[in-house]
Amino acid sequence: MITFRSIIIILAALIASLATTTAFVVPPSFIATTTPSNTTLQVAIDTSDIKNGLTVEIDNEPYKVLSFSIMKQARGAAKTTIKFKNLMRGNTIENTYRSGEKFETAQIDKANHAFTYVDGNNYFFMNTETFEEIVVDGKIIDDNMADLIDEGMQVSLVFFKGSAIECVLPKSAVYTVVETAPNTNEGKDKPAVLSSGATVSVPGYVDVGETIKIDTEKRVFLGRANE
């Protein structure tokens with residue numbers, strides 16, 4: 001259910017908008033898609049253009065490159081093996097292509113959103129430019145990052161043909177420590193529960209109530225937020 005903090009986040013964004021415009025439009029309470037702020041156009045590429053993180057369209061669906069390797073042969077052209085993740089279905093595939101085989105990048109849109117709350121398997125976000133609310137199916141949230149999405153966090157939602165297909169967290173984020181063992185100066189790490197619900201390893205000197213910075217990709221402690 002929506003929380004008091006979520007209401008405050010939405011009101012703060014609306015007040016900021018009023019400070020720069022004389023016209024006020026009431027945002028809809030629910031929308032299926034949102035207005036993109038950044039669009040990546042569809043272009044033709046070949047195997048030499050493949051790189052990790054690139055999203056291509058295969059059979060009308062978006063596939064993100066997770067990894068690739070090039071195998072050179074004594075005779076004939078080199079071959080490229082690519083591991084993809086289907087951003088709509090969540091499954092992974094691995095295919096091998098001849099050198100120079102063609103692909104088309106997926107036309108995707110990106111927009112900044114603030115996470116407000118989660119209800120069951122539905123994640124609620126607010127577009128930080130239009131203040132429109134969007135409900136995202138939890139299946140597009142990577143299992144390794146679901147517990148790192150904190151209330152009010154700014155994320156980038158990726159859209160393909162109007163549907164949200166990916167949630168991208170900032171590379172680092174600030175969290176409050178809500179549970180951990182007592183302060184110790186023994187130089188040993190200890191587990192700590194963050195305000196988002198995630199558990200990470202922190203130095204022994206970190207106390208409950210402190211705000212710390214976490215690398216969201218590696219899930220490692222980077223330091224106190226004020227350092």
Side-chain angles (χ1 to χ4, degrees), residues 1-17 34 36-38 40 52-53 55 64 66 85 87 90 108-159 164-181 183 189-227:
M1 61 182 292
I2 192 167
T3 65
F4 177 74
R5 184 181 174 189
S6 299
I7 296 174
I8 294 299
I9 293 170
I10 296 172
L11 289 177
L14 292 174
I15 292 171
S17 175
T34 189
S37 59
N38 185 11
T40 300
N52 291 344
T55 303
K64 185 175 183 177
L66 299 181
K85 178 180 180 180
L87 294 179
I108 57 176
D109 303 311
K110 296 180 181 179
N112 294 326
H113 286 72
F115 172 67
T116 52
Y117 68 102
V118 61
D119 184 8
N121 199 42
N122 293 322
Y123 286 72
F124 290 74
F125 295 88
M126 183 187 68
N127 186 301
T128 56
E129 294 182 2
T130 66
F131 311 118
E132 296 171 332
E133 185 178 66
I134 179 173
V135 184
V136 170
D137 192 313
K139 69 181 181 182
I140 79 160
I141 309 295
D142 193 296
D143 291 340
N144 294 326
M145 69 170 63
D147 60 351
L148 286 172
I149 302 179
D150 205 4
E151 194 171 354
M153 174 181 280
Q154 302 290 312
V155 304
S156 176
L157 290 183
V158 180
F159 296 83
I165 58 171
E166 188 177 17
C167 175
V168 181
L169 271 60
K171 291 184 177 180
S172 65
V174 173
Y175 301 87
T176 301
V177 176
V178 298
E179 182 181 333
T180 192
N183 189 328
D189 288 350
K190 60 183 180 180
V193 180
L194 308 180
S195 48
S196 64
T199 299
V200 299
S201 182
V202 300
Y205 58 78
V206 173
D207 276 329
V208 170
E210 288 196 70
T211 52
I212 61 174
K213 186 179 293 185
I214 297 294
D215 183 316
T216 58
E217 294 181 358
K218 300 178 181 178
R219 299 176 69 95
V220 297
F221 174 83
L222 296 177
R224 289 188 169 111
N226 57 359
E227 292 180 343

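Model, not experiment: these values are computed from the prediction.
By the side-chain hydrogen bond (donor to acceptor under 3.5 Å, both in side chains) test, D137 is found to be paired with N121, residues two or more places apart in sequence or in another chain being considered. K85 is linked by a side chain to side chain contact (heavy atoms under 4.5 Å, CB included) to L66, L87, T92, D142, counting only residues two or more places apart in sequence or in another chain. In this view, F125 and F115 satisfy the ring pair (Phe, Tyr, Trp, His ring centres under 6.0 Å) rule, not counting sequence neighbours. With sequence neighbours left out, S201 forms a side chain to side chain contact (heavy atoms under 4.5 Å, CB included) with D189. Taking R224 as the reference, Y205, E210, N226, E227 meet the side chain to side chain contact (heavy atoms under 4.5 Å, CB included) condition, with sequence neighbours excluded. Listed by chain and residue number, T180 satisfy the side chain to side chain contact (heavy atoms under 4.5 Å, CB included) test with V208 (two or more places apart in sequence, or in another chain). For D215, the salt bridge (Lys or Arg N to Asp or Glu O under 4.0 Å) test picks out no residue, with sequence neighbours left out. Residues passing the salt bridge (Lys or Arg N to Asp or Glu O under 4.0 Å) test with D207, sequence neighbours excluded: none.
Using a 4.5 Å cut-off on side-chain heavy atoms (C-beta onward), V200 and L194 make contact. Residues C167 and I149 are in side-chain contact: their nearest non-hydrogen atoms beyond the backbone lie under 4.5 Å apart. Looking at V158 and I165, their side chains come closer than 4.5 Å, going by heavy atoms from C-beta outward.
A side-chain hydrogen bond (donor to acceptor under 3.5 Å, both in side chains) check over residues 164-176, counting only residues at least two apart or in different chains, returns the pairs K64-E166.
At distances below 3.5 Å, at least one donor-acceptor pair connects side-chain atoms of S196 with backbone N or O atoms of D147.
Within 6.0 Å of the NZ atom in K190, the count of heavy atoms belonging to other residues, nucleotides or ligands exceeds 12.
A donor atom on one side chain and an acceptor atom on the other are found under 3.5 Å apart for D150 and S195.
Nearest heavy-atom pair across R219 and N144 is NH1-O, 2.7 Å.
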